[in-house]
Engineer: 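Let me begin by handing over the structure; questions about it come next.
Per chain, numbering begins at 1; letters A, B, ... match sequence-line order.
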2 protein chains.
Amino acid sequence: MSTNPKRDVFASLARVGTALSSPIRIEFLELLAQSERSVEQLAGLTGTTVANTSQHLQRLRQAGLIVGRKEGLYVFYRLAGDEVVALLSAMARVGEAYVADVERIVRLYFAQKDELEPVPAKEVLERARKSLVTVLDVRPPEEFAAGHVPGAINIPVQELEKRIKELPKRREVIAYCRGPYCLMSFEAVEKLRKKGWRARRLENGLPEWRAAGLPVVEEAES
Amino acid sequence: MSTNPKRDVFASLARVGTALSSPIRIEFLELLAQSERSVEQLAGLTGTTVANTSQHLQRLRQAGLIVGRKEGLYVFYRLAGDEVVALLSAMARVGEAYVADVERIVRLYFAQKDELEPVPAKEVLERARKSLVTVLDVRPPEEFAAGHVPGAINIPVQELEKRIKELPKRREVIAYCRGPYCLMSFEAVEKLRKKGWRARRLENGLPEWRAAGLPVVEEAES
DNA sequence: CTATTATTCAAGTGATATATTGAATACTAG
DNA sequence: CTAGTATTCAATATATCACTTGAATAATAG
C-alpha cells in the first residue's frame, strides 16, 4: 500500500535522471539557462541535426526540465524554472567533488585553478554598487542582452585581449560567464592577470545569480 | 580549444545523470541516505538479487555518488557526501514542481496533502528544546539507531496505532521520516489527526536535517 | 491556393543498459 | 588447508536509447 506509490515516485525521479544522462542534453540545458532559444538555434550551436535536437528537447520537456512556447513558425524553449538551475548546480557540485575526471580536466586546462578563488555573489553586488570593482561579462553579446548583472561590461572572451583597455586598471575585475562549469571566466581571469590587472571569478554564473533572486538587467528590444 | 574540455565536463555530468536514471538506483540512494548498508541488506530491502544489486552499486560508485568500505566479509556502502543528499533533494524539487506524476500520486494517496503543511527544520529544533512539541521519528528502529533528531521518539509507522498512547496528547507532534519524497510521515500525520492529536510533518527528512548541519544523535553500539 | 520554412513524427539500425545465470574471488572460521 | 559466505565478475537475452532518414504538420508569405 505504502510501497507502491513510492516506487512510482522513484520512477518519476528516474525520468528526470534519464533526461540528465546525455551530454548533449546537458549542453542544451546549459544553453537554455542563458536565454530561451529555438530548436534551430540549439541545433546550430551544438552541431546536431534539427530532428535529433527536437527529440532531445522533447525528452527534456517530458521530464519537466524545460517548457516550450510557440511563436509563429518557431518554438522557443526555456528552462522550466529556477529549480532546474539548482539541480544542475547540485550535479556540478557532486561531479566536482567526487568525479576525478571533472577536476582533472579543469586542472589540465587551467593549472592554476586554486589561485582563481571565486568571489561570492553578495560581495560582488555590494562592491559593484560602491564602484569598488568592475564586473565583466565574458559571454556572447546575445546572451548579455538577454540578461546580465547590473553595471556589468560585456566583452566576449575572444575579444578580451584587443579590448582590454576598456577596463579601468585600478579597480579589480570580477569576471563571470554561464555557470560553475563554464570555463570562459577562468580564461578571462587568466588573460587579465597576465596583462597586469587584478581579477577574480564570480562564484557561479548568471543563471545562479538570477536564481538567487539578485537583480538582473534585461535590455529592451528595439 | 575552449569547447573541447567543455564537452568532457558535460560527459562527466552525464555520467552522474546516468547513475540517477534508474528507479532502483534511486531507491538504493534513498536507503543509503539513512545509514550505510551492506550489499545483502540492500538486496533484501528492495527485493532484487544480490548480483544485480552489486552491479547497480558499482555504477553508483563509478559516478562518485557512493563509497564502499570493506569490513570482514561485508562491504558497507554509504553516500559519498552531503552534496549527494542536496542533489537528491534538488531532483525531488524539480520532480514535485514540474512532473505531474509525482504530485498526482501524492494527491491520490493523501488527498488532504495541502493541509499537511510542513514545518521548517529550524522552528522544530527551537520548539523541541523548549518542550513545546514532541518530535516523532516514524522510521524503522535500525535507521533511528543510526542517527535521529535530538529528543525524538521512535515509533515506526506500522506500530503507530497501537502505541499512540506513548505520545503526550497536549503537545503538538512533529513527524518526520526519510526525506521529502518519503511518504511515511504523511501517513503518520494522517493517523494522529484521526485520533485527535495535533500533528504536522517536518519539512524534509533526516538526511536533509543532517546535511543542514543540525544536531543528530547517534546511539552507541553495544 | 501554393510555396516555403520550422518543427515534429515514424521507421530502421547500431549501440548501450538491464536482469538473470553461473562461476570466480576474497575473507573468516575451524 | 578446507568449508562456507559475501561480493564480484562474465556471458547472455531482452529492452531501451541515440542518431539517421524521409515524410507529415503547422504557420506564414505571396
Engineer: Out of A/N154, A/V217, A/V149, which residue meets the side chain to side chain contact (heavy atoms under 4.5 Å, CB included) rule with A/F144?
Structural biologist: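 For A/F144, the side chain to side chain contact (heavy atoms under 4.5 Å, CB included) test succeeds with only one of A/N154, A/V217, A/V149, which is A/N154.
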
Engineer: Give a yes or no on whether a salt bridge exists between A/E142 and A/R37, defined as a side-chain N under 4.0 angstrom from a carboxylate O.
Structural biologist: no

Engineer: Looking across every strand, which nucleic acid part, if any, lies under 4.0 Å from A/F76 by heavy atom: base, sugar-phosphate, or nothing?
Structural biologist: nothing

Engineer: Rounded to the Å, how far apart are A/L57 CG and C/dT8 P?
Structural biologist: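 So the two atoms are 7 Å apart, to the nearest Å.
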
Engineer: What is the distance, to the nearest angstrom, from the CD atom on B/Q62 to the C1' atom on C/dA17?
Structural biologist: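 Between C1' of C/dA17 and CD of B/Q62: 13 Å.
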
Engineer: Dump every N/O contact between nucleotides 18-25 of chain D and the protein below 3.5 Å, one line per pair.
Structural biologist:
| residue | atom | partner | partner atom | Å |
| --- | --- | --- | --- | --- |
| D/dA18 | OP1 | A/R25 | NH1 | 3.2 |
| D/dA18 | OP1 | A/R25 | NH2 | 3.0 |
| D/dA18 | OP2 | A/R59 | NH1 | 3.3 |
| D/dC19 | OP2 | A/H56 | NE2 | 2.6 |
| D/dC19 | O5' | A/N52 | ND2 | 3.3 |
| D/dT20 | O4 | A/Q55 | NE2 | 3.2 |

Engineer: Give a yes or no answer on whether the side chain of B/T46 reaches the backbone of B/L42 with a donor-acceptor pair at less than 3.5 Å.
Structural biologist: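 Confirmed, B/T46 side chain pairs with B/L42 backbone.
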
Engineer: Look at the side chain of B/E40 and decide which nucleotide, out of D/dT7, D/dG4, C/dT8, has an atom nearest to it.
Structural biologist: D/dT7

Engineer: Measure the distance from CG on B/L73 to C1' on C/dC27 and round it to the nearest whole Å.
Structural biologist: 5 Å

Engineer: Between B/Q58 and D/dT7, is there a contact of a side-chain N or O with OP1 or OP2 at under 4.0 Å?
Structural biologist: no

Engineer: On the nucleotide D/dA6, are OP1 or OP2 found under 4.0 Å from the side-chain N or O atoms that B/Y77 carries?
Structural biologist: no

Engineer: If you look at every strand shown and take non-hydrogen atoms under 4.0 Å, does A/S38 touch a base, only sugar-phosphate, or nothing?
Structural biologist: sugar-phosphate

Engineer: Given D/dT8, is OP1 or OP2 found less than 4.0 Å from the side-chain N or O atoms of B/S54?
Structural biologist: yes

Engineer: If you check the B/K70 side chain, which of D/dA26, C/dT7, C/dC27 turns out closest?
Structural biologist: C/dC27

Engineer: Salt bridge between A/R163 and A/E166, side-chain N to carboxylate O under 4.0 Å?
Structural biologist: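 So A/R163 pairs with A/E166 through a salt bridge.
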
Engineer: Please report the distance, rounded to the nearest Å, between CD in B/E27 and C1' in C/dT18.
Structural biologist: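 It works out to 16 Å between those atoms.
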
Engineer: Would you tell me whether B/S89 and B/E208 have side-chain atoms, one donor and one acceptor, within less than 3.5 Å of each other?
Structural biologist: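 The answer is yes; a qualifying pair exists.
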
Engineer: Which residues satisfy the side chain to side chain contact (heavy atoms under 4.5 Å, CB included) test with A/I24, sequence neighbours excluded?
Structural biologist: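 For A/I24, the residues satisfying side chain to side chain contact (heavy atoms under 4.5 Å, CB included) (neighbours in sequence not counted) are A/S22, A/F28, A/T48, A/H56.
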
Engineer: Tell me whether A/W209 contacts the main-chain N or O of A/L202 through its side chain, where contact means a donor paired with an acceptor under 3.5 Å.
Structural biologist: no

Engineer: What nucleotide, of D/dT7, D/dA26, C/dT8, holds the atom closest to the side chain of B/V39?
Structural biologist: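 Minimum distance to the B/V39 side chain belongs to D/dT7.
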
Engineer: CG of B/L20 versus P of C/dA17: gap in Å, rounded?
Structural biologist: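 The answer, rounded to whole Å, is 15 Å.
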
Engineer: May I have the distance from A/Y74 (atom OH) to D/dA29 (atom P), rounded to whole angstrom?
Structural biologist: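 In whole Å, D/dA29 P and A/Y74 OH are 11 Å from each other.
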
Engineer: Between B/R69 and B/E71, does at least one N-O distance fall below 4.0 Å, as a salt bridge requires?
Structural biologist: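 So B/R69 pairs with B/E71 through a salt bridge.
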
Engineer: With each end axis built from five pairs of C1' atoms, what bend angle do you get for the helix from C/dC1-D/dG30 to C/dG30-D/dC1? Round to 10°.
Structural biologist: 30°

Engineer: Are the side chain of A/R25 and the backbone of A/T18 linked by a donor-acceptor contact shorter than 3.5 Å?
Structural biologist: yes

